[in-house]
Amino acid sequence: MRNHTAITTFILLGLTDDPQLQILLFILLLITYMLSAVGNLTIIILIFVDAHLKTAMYYFLQNFSFLEISFTSACIPRFLYSIATGDRTITYNSCICQLFFACLFGITEFFLLAAMSYDRYVAICKPLHYMTIMNPLVCKRLISGCWITTLVLLIPPLGYGLTLEFCNSKIDHFICDSNALMRISCFDTEFIEKLILVCSAFILLVTLMFVVWSYGSIIQTILGFPSAQQKKKAFSICSSHMIVVSITYGSCLFIYIRPSAKDEMLTNKGVSLLVTSLSPMLNPFIYSLRNKQVKQAFSDFLKKLLHLEPQRYHRG
C-alpha cells in the first residue's frame, strides 16, 4: 500500500471550538437524545404490552421507533463523548461502522415510511378488507423488504468506498459523513459521488412517489365521504404520519439544495444535527399526542404501574 494509506485514525473536527458553545451543545444534545430514547422506547413498550395496539399500523410504528432509537444512537453518543472528553479521534473501523449503521437505519426509515403510507391507504380506501390485506405475514414481509432493499442499495457505494485512500486525517464533521470523507480522499471521487447521488435519488424519488400516490388516493377517498365527522376522523388517522413524512423529507431536501461551496459543509453539518437529534425526539411526541389510542394506552400503563407500586410496598 502507498504511504498515504497509513492513516488508520481520523480526527472529527465537530461543530465548534468555542468551549461555551460546546457546553451548551452538549446539554442540548444530551436532553434531545434522552427524550428521543425514552419517547421511542415508551412507544415500543406500549405497543408490546397493550392488546388494543396489536394492529398493522402500530406494528409499523413500533419498528419505526426502533429505527429512530438506533439511528440517533449510531451518531449522537459518540459526539457527546467527544465533547465531554475532548477526544476527537476515531479509528478507521469505528468510522466505517458508524457510517454503515447510520445509513442503514436512516435509509430503512424512508422505505418504512412508504410502507406505513400504504397501510394508511388500505385503512382509508379499503377499510372492509384491511384486516385481510394487512395481515401479520404481509406486515412482516414489508418490514423485511425495507431492510433487504436498503442493504442492496447500500452495499455497492459502501463497498466501493472501502477502496478509498486518504491523504488527510481531519474530517470536517461531527460524525463520519460520506461527503466529508470524500473530501479528504486521495482518489478522484467523481464515480462514487455519482453512485451515491443515483442511489439517494432513487430512494427519495421512489419512496416519495409512493407516499404521494398513497395520500393522493387517501385525500380523494376522504373528500368523497358524506359527513364532515367521517372526514375529520379519517384525516386524524393520517395526520401524525403526514407530519413525520414532511419533517423527514423536508430535512433531506435541504441537503440536495446545494449552497455555495463555502457554506456547503456547514449546511450539511447543520442538517445532519437536526436529522440525528431533533427529528427522532419529535416523532414519538407527534404520534402520541395526536393519537387517542396511544394516549389511552399510556394512561392505562401508568395506572397499572401506580397500582402495582402500593401493593409491592404493602407486601414489603
Side-chain angles (χ1 to χ4, degrees), residues 10 63-64 66-68 70-75 92-118 141-166 171-214 244-259 261 264-265 267-276 279-280:
F10 296 111
N63 280 271
F64 187 75
F66 169 76
L67 283 173
E68 289 284 58
S70 303
F71 177 62
T72 191
S73 296
C75 304
Y92 174 84
N93 291 336
S94 298
C95 187
I96 296 302
C97 285
Q98 184 185 62
L99 179 62
F100 171 75
F101 284 111
C103 291
L104 176 65
F105 299 133
I107 295 171
T108 304
E109 281 190 11
F110 283 97
F111 288 107
L112 184 55
L113 284 172
M116 292 170 76
S117 69
Y118 176 71
R141 286 178 176 175
L142 284 172
I143 294 295
S144 300
C146 293
W147 286 94
I148 293 170
T149 306
T150 298
L151 285 171
V152 170
L153 292 171
L154 180 59
I155 288 175
L158 185 67
Y160 186 83
L162 291 174
T163 65
L164 294 178
E165 298 174 2
F166 302 97
I171 301 176
D172 188 14
H173 215 290
F174 66 92
I175 57 175
C176 286
D177 177 74
S178 58
N179 290 331
L181 281 170
M182 285 187 289
R183 283 173 173 266
I184 62 173
S185 173
C186 301
F187 287 174
D188 181 4
T189 59
E190 183 180 358
F191 175 76
I192 190 172
E193 285 178 8
K194 289 182 178 178
L195 184 62
I196 292 173
L197 182 62
V198 169
C199 290
S200 301
F202 175 81
I203 293 164
L204 287 174
L205 289 176
V206 169
T207 56
L208 184 57
M209 285 174 62
F210 196 83
V211 169
V212 170
W213 170 81
S214 297
V244 172
V245 166
S246 300
I247 292 173
T248 304
Y249 283 94
S251 301
C252 287
L253 286 176
F254 275 103
I255 298 176
Y256 286 92
I257 300 174
R258 295 287 183 179
E264 182 178 346
M265 189 51 65
T267 302
N268 194 334
K269 289 193 285 186
V271 174
S272 297
L273 187 66
L274 294 176
V275 170
T276 55
S279 182

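Here the CG-CG distance, from Leu99 to Leu162, works out to 9.0 Å after rounding to the nearest 0.5 Å. The CG atom of Leu208 lies 13.0 Å from the CD1 atom of Ile203; values are rounded to the nearest 0.5 Å. A distance of 9.0 Å separates CD1 in Ile175 from CG in Leu273, rounded to the nearest 0.5 Å. One finds the CG atom of Leu113 at 9.0 Å from the SG atom of Cys146 (value rounded to the nearest 0.5 Å). Atom-to-atom distance recorded for Cys103:SG and Ile196:CD1 is 8.0 Å, nearest 0.5 angstrom. Taking CG of Leu151 as the start and CG of Leu158 as the end, the distance is 10.5 Å to the nearest 0.5 Å.
A pairwise comparison of heavy atoms in Thr276 and Cys75 identifies CG2-SG, 3.8 Å as the closest pair. Closest approach of Ala180 and His173 over heavy atoms only: CB-CB, 4.1 Å. Closest non-hydrogen pair, Leu142 versus Tyr118, comes out as CD1-CD2, 4.5 Å.
Applying the side-chain contact (heavy atoms from CB on, under 4.5 Å) test to Phe202 and every residue at least two apart in sequence or in another chain returns Leu153, Val206. With sequence neighbours excluded, the residues that form a side-chain contact (heavy atoms from CB on, under 4.5 Å) with Leu274 are Leu278. Take Phe71 and apply the ring-ring contact (aromatic ring centres under 6.0 Å, His included) test, not counting sequence neighbours, and it matches no residue. Not counting sequence neighbours, the partners of Thr207 by the side chain to side chain donor-acceptor pair (under 3.5 Å) test are Tyr249. Under the ring-ring contact (aromatic ring centres under 6.0 Å, His included) criterion, Phe66 pairs with no residue, sequence neighbours left out. With sequence neighbours excluded, the residues that form a ring-ring contact (aromatic ring centres under 6.0 Å, His included) with Phe191 are Tyr160. Under the side-chain contact (heavy atoms from CB on, under 4.5 Å) criterion, Cys95 pairs with Phe10, Ile90, Ile171, Cys176, Leu181, sequence neighbours left out. Applying the ring-ring contact (aromatic ring centres under 6.0 Å, His included) criterion to Trp213, with sequence neighbours excluded, gives Tyr121, Phe210. Thr189 meets the side chain to side chain donor-acceptor pair (under 3.5 Å) test with Glu193; sequence neighbours excluded. Taking the side chain to side chain donor-acceptor pair (under 3.5 Å) definition, one finds that Ser73 meets it with Tyr33, sequence neighbours left out.
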Let me see the working for Met116 and Val244 under side-chain contact (heavy atoms from CB on, under 4.5 Å), right down to the final yes or no. CA-CA 11 Å; Met116 292 170 76; Val244 172; over 6 Å; no
Applying side-chain contact (heavy atoms from CB on, under 4.5 Å) to Val211 and Phe110, what does each step give before you reach the verdict? CA-CA 10 Å; Val211 169; Phe110 283 97; over 6 Å; no
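Using a 4.5 Å heavy-atom cutoff, the side chains of Asp172 and Arg183 are not in contact. You'll find the side chain of Phe111 stays beyond 4.5 Å of the side chain of Ile148, heavy atoms only. Within the 4.5 Å cutoff, no side-chain heavy atoms of Phe105 are placed close to those of Thr72.
Residue pairs that meet the side-chain hydrogen bond (donor to acceptor under 3.5 Å, both in side chains) test with at least one member in residues 93-114, sequence neighbours left out, are Thr91-Ser94, Thr108-Thr150.
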